[in-house]
Structure formats: structure tokens, C-alpha cells
Amino acid sequence: MNAVAQTDLWERIAGLKLRLVAHVKIHCHNYRGQPWYVLHDRAAARHYRFNEGGYDFIKQLDGIRTVQVIWDALQQRSAAEVPTQNDIVRLVAQLHEAEILLGDMPVDGAELLARRQQQQRAKSRMRWLRPLSIRMPLADPDKLLTSLLPFISPLFSKPVFLIWLLFVMAALVMGATHYPDLMNHWSSRALDPQNILVMFFVYPIIKALHEFGHAAATRVWGGEVHEVGVMLLVLMPVPYVDASAASGFSQKWHRVIVGASGIMVEMFLAAAGLFIWLNVGPGLMRDIAFNMMFIGSVSTLLFNGNPLLRFDGYYVLMDAVEIPNLGQRSSRYLAYLVKRYLFGLTNETSPVTAHGERSWFLFYGVAAFFYRIFISFAIALYVAGKFFVIGVILAIWALMGQIVIPLMKGLGFVLMGASLQERRDIGGRDIEVI
């Protein structure tokens, strides 16, 4: 962006008197020894992360002082990270686009309509690019959870956790002891039509209890849960809840427990299923118990508990290692490496902001990409073995969403990217790409 354009943008916002909408809250988080601030838009269930310099500006938006006055006051401080005018322009633009600013900003009805239509198109594209998981919201469970608080709060205590741990460990020992019997049951009953029917009914019930674990943990620590619905996962309807309010929790381990609570519920059910399976004779109850055990252990650890997929394990890992937006930032880091070292764009900015993130981004970005491709095609091949046409469609769908479209975007950057074009036009001079 040239100096004239930058000056013009600053002049447009310098005299504005802005403030945040009432339904946002700001929480302070600590990531790898650095303070970051998370702005929670409760109306849209979205979160935005800012560094200390951005927060210093945002917290002073009172609707009385102008942007220029606030920025001038920031310049008088000796803080190490004072935002520049260009930083403020970008920040105000992001807050405006998120529709969380109030004030005397000029309202362009056509712009608002175009932005909302663009957001709807983006959501529709994501649904089509993820054929294995389509969400349908149904209800708001927050009042019910609030009424149940006296009963669910004691479950999130150290004594209960110790009981859970002992119960699951005992089941692991018993499972190892009876491993040959379990494998015999699997080989003889797993693909039996009656057992498949049993699994079809057991799976949603276990997942409903799983999602209740997330919702309960979120509500116990003060978060609100306003969406419950059904997700079509590999053509099977399973429940889900929106527990994104936990992203605003200041305590790291509260966020970790919310992410892990569903997995813990399923592991408890798996352990219970094993003990039931060991103590009943052949029949329907034994099949139900075996499916409880399989779904709550093997299935959970391959999918929900796997951090390489954007399910519970991913959010647990993200909070445990204190790297927010691990998946997105890993992808950005890989793109940065390509632009910086393959195309020689020296002005590209790395998403690394703290010690140790670089290794995580490199490992996670590569591992998650290949695992998603593997699991998508494994599911498609499995479905193709039962329903050939549906399996082929899923495989093509996954191929487009995971490989073809990302490659087309990358090719578009190479051929038409503004930053690369500027480098070609200017002949290799250092430039700033905004």
C-alpha cells in the first residue's frame, strides 16, 4: 500500500468516535508467557485474538474520544508494542467487518448486504466441501443446563476425576486380559446385520452423552451454550452442541477440560460396556455392551480424540500447548515458507509469535494435511465396499475439497497473486504487501 493511500485511509477514520457493541466481552489469556486478549462476540459466537498493543487501543474506544486522540495518547507511552497508524486502520477495518463497532462510521447499505451475502456463500461452500459433516441447529439448551447446575457441578471435582481414572484403568487391565475374546467377538459379530442395526441406535445415544459432557463443563464455569443440533457424520445423524463460549475462559485447564469432557464421558461408557460384556451371556445386551465399548474407545480415539482432525482432540491439544488457531496458523506458516523460500517474497510475515511455535506449525501442518486425506479416502473406500456409487461420490467430493481446490487456490496465487505480480513489475525491489 503506497503512502498516499495509507494517509487517505487514516484521514477517513481519524475523526471517528467508536465503541464496541454491548454483547462483546474481552478476556485476557496467557500464551507461552505472552498476554493476549480474546474478544468474544456472544451474539455471533465468534472470537478474535489481539496482542497487547491492539488491546490498548480497543479498550479505549468509548464513543467519546476520536481515533486520532486515542492514537496520540498511545504514542506518549513507553510501551514496547505501540500500534502504528497502519495497524489501527487494519484493526478498525476488521472490527467493522465483524459488525462489533458502533459510532459515527458511515453506513453503506450495499456494502453490508454484499458482506453478509459473501459470508453466507462462504458458509455454503464450507458445507459442500465437507460432505462428511453437515450441521443442522435445532434448539437452545442454556436454560435447561442452568437448571441442572446443582446436579452437574459436583461431577467436575477431583474426587470424581479420581474415581473416573480408576474405573477406566481397571477396564484397560481387564480389556488387555480378555483381548482374544474381544477379537473373537469382533470377527464374528461386527459386520452382522443385527449388530450393525444395534450400532446405528447406540451410536447417537453415546454421542448425545458426549455432547452433554461438553455442554455441562462449559456451563459449570460460566459459559453459555445456545445451540444444540444434529450433524450428519458419514451419513449418520449424531448430536452436537456449540460450546465455543469456552474459548473465552481465562484459565487454560478449564478450556482443556471442556474439550476433553466428551472424550472422558465416552471412555467411561466404554469401560462400563466392557464390564457389562464380561458379565452377561450372548444376546442383545452383550451386543449393546460391545458397541458401547467399541464406540467409546477405538472410534473416539481415531476421530474425536485425534488432534489431527478438527474435533475435540484438536482443541485439547491447542489449549494444552498454548497455541490458539493451531490448524489455521500451521497452514499459514506452510504458505509463508512457500512464498518466502520458493518465490523469494522477502516481505511475507511469519505467523510465529512465540518461542516453540515454529516446530509445532511445521509438524502439525504436514501431519494434519496427510491424515485428513488418509481418513477421507479410508471412509470413502469403506462406504464404497458397501454402497459403491455413494463411496465413489464421497471420494470425488473429498478429493475436490482436500486437494483440488487448495491446489487451485495456490496456482491462482502463483499466476495472479498481487504480491508476486508486484515483485515482477518492480523488478525485485523490497515492497510492503498489505
Side-chain angles (χ1 to χ4, degrees), residues 21-25 38-48 97-100 112-113 115-149 152 200-249 255 258-263 265-266 295 299-300 303-304 309-316 318 325 327-328 376 379 394 397-398 401:
V21 296
H23 55 258
V24 300
K25 293 182 67 176
V38 176
L39 187 152
H40 179 197
D41 179 1
R42 290 178 290 177
R46 291 180 295 192
H47 296 80
Y48 307 90
E97 184 175 353
E99 300 180 10
I100 53 179
L112 289 176
L113 178 60
R115 187 161 67 238
R116 287 174 182 170
Q117 290 175 340
Q118 183 180 10
Q119 292 171 351
Q120 291 298 323
R121 287 195 296 269
K123 289 181 180 179
S124 297
R125 280 198 304 270
M126 291 307 295
R127 292 192 188 100
W128 284 104
L129 290 176
R130 294 178 180 176
L132 303 180
S133 58
I134 301 173
R135 293 190 170 193
M136 296 176 289
L138 296 178
D140 183 342
D142 199 66
K143 289 184 178 180
L144 175 61
L145 290 169
T146 301
S147 66
L148 293 176
L149 267 178
I152 60 179
F200 184 83
F201 285 100
V202 170
Y203 190 86
I205 295 173
I206 291 179
K207 293 304 175 181
L209 294 172
H210 170 115
E211 296 300 324
F212 180 79
H214 290 310
T218 303
R219 199 66 193 90
V220 162
W221 285 305
E224 297 178 353
V225 181
H226 289 294
E227 183 177 304
V228 62
V230 174
M231 177 172 62
L232 294 179
L233 186 61
V234 196
L235 306 180
M236 179 177 288
V238 295
Y240 78 90
V241 298
D242 180 4
S244 60
S247 299
F249 293 166
R255 301 194 302 272
V258 169
S261 58
I263 300 172
V265 168
E266 290 204 38
I295 294 169
S299 173
T300 294
F303 292 95
N304 267 307
L309 296 174
R310 299 290 180 87
F311 296 124
D312 299 340
Y314 166 74
Y315 295 101
V316 171
M318 188 174 68
N325 299 322
Q328 294 176 353
S376 296
I379 292 172
L394 287 177
W397 215 340

[atom1]/[X] to [atom2]/[Y] distance, rounded to the nearest 0.5 angstrom?
X: Glu266; Y: Asn304; atom1: CD; atom2: CG; value: 6.0 Å
X: Ser247; Y: Tyr48; atom1: OG; atom2: OH; value: 12.5 Å
X: Arg310; Y: Met318; atom1: CZ; atom2: CE; value: 9.0 Å
X: Ile263; Y: Thr300; atom1: CD1; atom2: OG1; value: 7.5 Å
X: Tyr240; Y: His210; atom1: OH; atom2: NE2; value: 14.0 Å
X: Ile295; Y: Ile206; atom1: CD1; atom2: CD1; value: 4.0 Å

Taking [Y]'s backbone N and O only, do any of them form a donor-acceptor pair with [X]'s side chain (distance below 3.5 Å, no angle check)?
X: His40; Y: Val24; answer: no
X: Thr218; Y: Glu224; answer: no
X: Glu227; Y: Pro137; answer: no
X: Asp142; Y: Val225; answer: yes

Practice problem: Kindly determine whether Tyr203 and Val238 satisfy side chain to side chain contact (heavy atoms under 4.5 Å, CB included), including the steps that lead there. | Solution: CA-CA 8 Å; Tyr203 190 86; Val238 295; 3.0 Å; yes
Practice problem: Check the pair Leu149, Arg219 against side chain to side chain contact (heavy atoms under 4.5 Å, CB included), reporting the backbone distance first and the verdict last. | Solution: CA-CA 8 Å; Leu149 267 178; Arg219 199 66 193 90; 4.2 Å; yes
